[in-house]
Amino acid sequence: MDTVIELSDEFFFDHLYAKIWPAYSHFSNDTFYDVVSSWPRTDPMRICVSTYIVTCLFGYLLYFSSATISYYFVFDHDYMKHPKFLKNQVRMEIECAVGAIPWMTLMTVPCFAGEILGYSMLYDGMPKTAYDWLYLLGSIPTFLFFTDCGIYWAHRWMHHPSVYQYLHKLHHKWVIPTPFSSYAFNPCDGFLQSLPYHIYVFMFPMHKYLYIGLFSFVTIWTVMIHDGEFISHSEIISTSAHHFVHHVYFNYNYGQYFTFWDRVGNSHRQPTDEQYDKLKRDDHAIMKRQAQDAERIEAEVMKSKQA
């Protein structure tokens, strides 16, 4: 993120802040002054403000581009006939995500600022030895496995009856999700599920460009698992079919990338022909039964809280 902010300063923020908080640098030519900002690049508050703006804009760009492409070219639009698909749902998902992203960004800024100020274990430079390359490549599965563990337990905790209605219920409003539901969260929910990504780089060394790349990847992955097109039948990867099962049957498949932690936590449910067979997927009797199951299971969770 430090490189992103440095480039943003060079091409945008230096000029913006110079107009808002100007200072003047005197050169040898008595008639020429260079207008610069009195707010230095190293000021922690400036770093936080710049990081907030960049992260928010980048979040919107990645959300709208990936979700729009997925919605028009991947998403199975026949699912919009499902009885649990809400009227004007796509518009509501977009409104929810647009409102959530600024707040999720605000909560994330201290993590990014800590990384920029050098408190994390991010590093740069080209790998020079075989070990350097091995570590660089090995940090990809390590990052995914570690963050998947954190997301699994955070996600499962948010399904606890005493927590669910305050944090996670909003996302389960979209029982039949579209790609636009990928960031239609309660902001605290979205932040908690992103926290393992930040914790990782404060615990383990990671190349900063790889970190930016993986952070972008997980944003796109979050869209992909809401795309409603169940191509992969994997029992290892937590696919869009697994996540559809989570939205309908509620108490299963909390993992983000792999089924490993769901198997450890006894919450794995492998998708069936209900998801993989197009004819069964579009069967109105099956859709009706899924709708009834979704309502019953969520009601049981809410009832157990009251008890």
Side-chain angles (χ1 to χ4, degrees), residues 1-70 94 97-128 136 139-140 143 179-180 182-183 187 190-191 194-195 197-198 200-202 205-223:
M1 183 57 82
D2 60 335
T3 303
V4 175
I5 297 302
E6 184 178 342
L7 291 172
S8 301
D9 282 335
E10 183 72 26
F11 293 103
F12 180 70
F13 288 121
D14 284 347
H15 304 286
L16 175 65
Y17 297 144
K19 291 182 181 294
I20 301 174
W21 294 284
Y24 297 90
S25 296
H26 183 263
F27 283 76
S28 57
N29 184 341
D30 292 338
T31 62
F32 182 77
Y33 290 86
D34 181 34
V35 181
V36 297
S37 175
S38 60
W39 205 10
R41 287 186 178 186
T42 54
D43 184 88
M45 185 56 68
R46 170 171 165 164
I47 290 172
C48 288
V49 171
S50 299
T51 300
Y52 177 82
I53 295 171
V54 169
T55 306
C56 212
L57 291 176
F58 184 72
Y60 279 131
L61 176 64
L62 213 53
Y63 167 71
F64 278 110
S65 59
S66 57
T68 300
I69 291 170
S70 181
I94 293 172
V98 166
I101 286 173
W103 293 105
M104 286 191 286
T105 302
L106 185 64
M107 288 182 273
T108 304
V109 161
C111 300
F112 278 139
E115 295 161 14
I116 293 167
L117 291 168
Y119 294 108
S120 74
M121 300 186 73
L122 290 168
Y123 65 92
D124 58 8
M126 280 292 293
K128 295 179 179 179
L136 180 74
S139 61
I140 297 173
F143 175 85
F180 290 107
S182 54
Y183 285 86
F191 170 70
S194 73
L195 200 54
Y197 306 134
H198 301 286
Y200 182 89
V201 297
F202 283 90
M206 188 172 203
H207 197 284
K208 65 181 183 181
Y209 292 122
L210 179 60
Y211 179 58
I212 293 173
L214 285 173
F215 212 92
S216 301
F217 164 75
V218 299
T219 302
I220 297 171
W221 179 266
T222 304
V223 173

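Below, each value reflects all heavy atoms present in this structure, side chains not excepted, and no hydrogens, waters or symmetry copies.
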Any side-chain heavy-atom pair from Leu122 and Met206 closer than 4.5 angstrom? yes

Do the side chain of Ser182 and the main chain of Thr222 share a donor and acceptor less than 3.5 angstrom apart? no

May I have the step-by-step check of side chain to side chain contact (heavy atoms under 4.5 Å, CB included) for Ile140 and Leu210, ending in yes or no? CA-CA 8 Å; Ile140 297 173; Leu210 179 60; 3.8 Å; yes

Just by distance, do the side chain of Tyr60 and the backbone of Val98 share a donor-acceptor pair under 3.5 Å? yes

Correct closest heavy-atom pair for His198 and Ser194 would be CD2-O, 3.5 Å

Report the distance from atom CD1 of Ile53 to atom OG of Ser8, rounding to the nearest 0.5 Å. 9.5 Å

What residues, two or more places apart in sequence or in another chain, satisfy side-chain hydrogen bond (donor to acceptor under 3.5 Å, both in side chains) together with His207? none

Does Glu6 have any salt bridge (Lys or Arg N to Asp or Glu O under 4.0 Å) partners at least two apart in sequence or in another chain, and if so, which? none

Under 3.5 Å, side chain of Ser120 to main-chain N/O of Ile116, donor-acceptor pair present? no

What's the verdict on side chain to side chain contact (heavy atoms under 4.5 Å, CB included) for Cys111 and Val201, showing C-alpha distance, side-chain angles and the deciding distance? CA-CA 10 Å; Cys111 300; Val201 297; over 6 Å; no

Quick one: side-chain hydrogen bond (donor to acceptor under 3.5 Å, both in side chains) partners of Ser50, sequence neighbours excluded? Tyr17

Once salt bridge (charged side-chain N to carboxylate O under 4.0 Å, His left out) is applied, what residue pairs with a partner in residues 46-63 remain, sequence neighbours excluded? Asp9-Arg46, Asp14-Arg46

Nearest heavy-atom neighbours spanning Ile220 and Ser66: CG1-CB, 4.4 Å

Among residues at least two apart in sequence or on other chains, which ones pass ring-ring contact (aromatic ring centres under 6.0 Å, His included) with Phe180? Tyr71

Once the angle between the rings of Phe143 and Tyr197 is folded into 0 to 90°, is it parallel (under 30°), tilted (30 to 60°) or perpendicular (over 60°)? parallel

Please round to the nearest 0.5 Å and tell me the distance separating atom CG of Leu117 and atom SG of Cys48. 7.5 Å

Which pairs with one or both residues in residues 206-217 pass salt bridge (charged side-chain N to carboxylate O under 4.0 Å, His left out), sequence neighbours excluded? Asp2-Lys208, Asp124-Lys208

For the pair Phe58 and Phe215, evaluate ring-ring contact (aromatic ring centres under 6.0 Å, His included) and give the outcome as yes or no after the intermediate values. CA-CA 11 Å; Phe58 184 72; Phe215 212 92; 8.5 Å; no

Here the pair of heavy atoms bringing Pro102 nearest to Cys56 is CA-SG, 3.8 Å

Nearest heavy-atom contact between Trp103 and Pro187 is CB-CB, 3.5 Å

Would the distance check show the side chain of Ser65 and the main-chain N or O of Leu62 forming a donor-acceptor pair, the cut-off being under 3.5 Å? yes

Treating Thr108 as the side-chain partner and Met104 as the backbone partner, does any N or O pair qualify as donor plus acceptor under 3.5 Å? yes

Measure the shortest side-chain to side-chain distance between Phe13 and Val49 over non-hydrogen atoms and say whether it is less than 4.5 angstrom. no

More than 12 heavy atoms of other residues, nucleotides or ligands under 6.0 Å from CH2 of Trp221: is that the case? yes

Any side-chain heavy atom of Met45 within less than 4.5 Å of one from Trp39? yes

Can you give me the closest heavy-atom contact between Leu106 and Tyr52, atom names plus distance? N-CE1, 3.6 Å

Atom OH of Tyr119 with >12 non-hydrogen neighbours under 6.0 angstrom: no

Stepwise, does the side chain to side chain contact (heavy atoms under 4.5 Å, CB included) test hold for Ile47 with Phe112? CA-CA 9 Å; Ile47 290 172; Phe112 278 139; over 6 Å; no

Do Val54 and Ile5 come within less than 4.5 Å of each other through their side chains, counting heavy atoms only? yes

What is the minimum heavy-atom distance between Leu136 and Pro127, and which atoms define it? CD2-CG, 3.9 Å

